[in-house]
Amino acid sequence: MSVKPGRVTSYTLRAGYFVLGILMLVLAFIGALLPLMPTTIFLILAVWCFTRSSPRLEAWVLNHQTFGPTLRAWHDQGAISRRAKAMALTGMAAGYVLFYLAASPGILLALFVGFLIGCCAFYVGSRPLPSAPPPPPSDANHGAASEKPGD
């Protein structure tokens with residue numbers, strides 16, 4: 001069976017998601033080092049990409065010692081912890097104040113940026129709190145054959 005020119009194959013899509021997931025991991029790593037660049041959103045996007053391309057890397061990110069619990073809460077429940085909400089909302093407010101003081105925008109631009117940040121703040125604030133600390137997935141090997149004693 002031949003593939004028609006211009007047709008995207010399943011393999012091509014998976015490879016694209018994989019490369020995009022790796023890029024998101026790199027950006028998250030940079031965000032962990034640079035104070036004003038976010039980390040969590042890039043990790044969420046990496047999980048999304050790896051869900052479509054690499055179950056092994058998806059499990060690795062979701063089981064990460066530091067970021068895993070937060071990512072599993074978002075992945076499984078769409079939930080954000082109270083501490084994370086407070087940090088995000090404080091960061092948004094501080095970002096707006098810095099923007100306003102540094103850029104001295106006109107009233108329309110200030111209102112527009114304030115509206116956009118306000119919409120983002122509403123979205124973050126409206127997410128539920130995690131119902132319980134999400135346990136790590138029981139199948140850490142994600143489908144790998146298990147070795148039983150005596151086999």
Side-chain angles (χ1 to χ4, degrees), residues 1-96 98-99 102-103 105 109 112-148 151:
M1 180 174 159
S2 65
V3 177
K4 295 180 182 176
R7 180 120 193 230
V8 178
T9 65
S10 175
Y11 177 79
T12 306
L13 279 176
R14 285 188 65 208
Y17 283 128
F18 181 81
V19 169
L20 195 57
I22 295 294
L23 175 64
M24 294 300 114
L25 279 181
V26 169
L27 290 173
F29 179 74
I30 292 169
L33 299 177
L34 296 177
L36 293 177
M37 188 166 167
T39 301
T40 307
I41 188 63
F42 291 118
L43 290 172
I44 289 170
L45 290 170
V47 169
W48 185 84
C49 290
F50 292 144
T51 297
R52 287 151 181 77
S53 64
S54 174
R56 192 179 106 234
L57 282 175
E58 175 194 18
W60 179 76
V61 175
L62 289 174
N63 290 318
H64 189 272
Q65 183 178 354
T66 304
F67 301 110
T70 301
L71 294 171
R72 281 193 308 274
W74 177 259
H75 186 262
D76 299 339
Q77 306 169 23
I80 302 174
S81 71
R82 185 170 278 125
R83 180 176 177 267
K85 283 183 185 188
M87 290 174 54
L89 296 173
T90 300
M92 287 182 215
Y96 182 76
L98 288 173
F99 157 74
L109 181 58
F112 178 71
V113 171
F115 174 76
L116 290 178
I117 291 176
C119 289
C120 293
F122 176 79
Y123 181 77
V124 168
S126 69
R127 299 298 90 204
L129 295 172
S131 58
S138 59
D139 184 12
N141 293 333
H142 239 313
S146 62
E147 294 183 30
K148 298 178 185 173
D151 281 351

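- With rounding to the nearest 0.5 Å, the separation of CD1 in I22 from CG in L57 is 5.5 Å.
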Should R82 and L129 be marked as a side-chain contact (heavy atoms from CB on, under 4.5 Å) after you check the CA-CA gap, both sets of side-chain angles, and the distance that decides it?
CA-CA 7 Å; R82 185 170 278 125; L129 295 172; 3.0 Å; yes

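- Distance alone, capped at 3.5 Å, is enough to place a donor-acceptor pair between the Q77 side chain and the S131 backbone.
- Side chain of S54 to backbone of F50: no donor-acceptor contact under 3.5 angstrom is found.
- The shortest distance between side-chain heavy atoms of V61 and F67 does not fall below 4.5 Å.
- M24 has its side chain out of reach of I41: every pair of non-hydrogen atoms, C-beta onward, lies at least 4.5 Å apart.
- Each side-chain hydrogen bond (donor to acceptor under 3.5 Å, both in side chains) pair with one or both residues in residues 26-49, not counting sequence neighbours, would appear here, but there are none.
- Contact check for I44 versus H75: no side-chain heavy atoms found under the 4.5 Å cut-off.
- More than 12 heavy atoms of other shown residues, nucleotides or ligands fall within 6.0 angstrom of atom CE in M37.
- One N or O on the side chain of K85 and one on the backbone of R127 form a donor-acceptor pair closer than 3.5 Å.
- When atom types are taken as modelled, the side chain of T90 and the backbone of M87 share no donor-acceptor pair closer than 3.5 angstrom.
- The closest donor-acceptor contact from the side chain of R14 to the backbone of S53 lies under 3.5 Å.
- Note that CD of E58 is 9.5 Å distant from CG of N63, once rounded to the nearest 0.5 Å.
- For the side chain to side chain contact (heavy atoms under 4.5 Å, CB included) criterion with L43, the lone passing option out of L71, L27, L62 is L71.
- The closest side-chain heavy-atom distance from L109 to F99 is below 4.5 Å.
- Residues P128 and G78 approach most closely at CD-O, 3.5 Å, considering heavy atoms.
- Rounding to the nearest 0.5 Å places CG of L45 at 10.5 Å from CG of L25.
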Which is it for Y123 and I80 under the side-chain contact (heavy atoms from CB on, under 4.5 Å) test, yes or no, and what are the steps along the way?
CA-CA 11 Å; Y123 181 77; I80 302 174; 5.8 Å; no

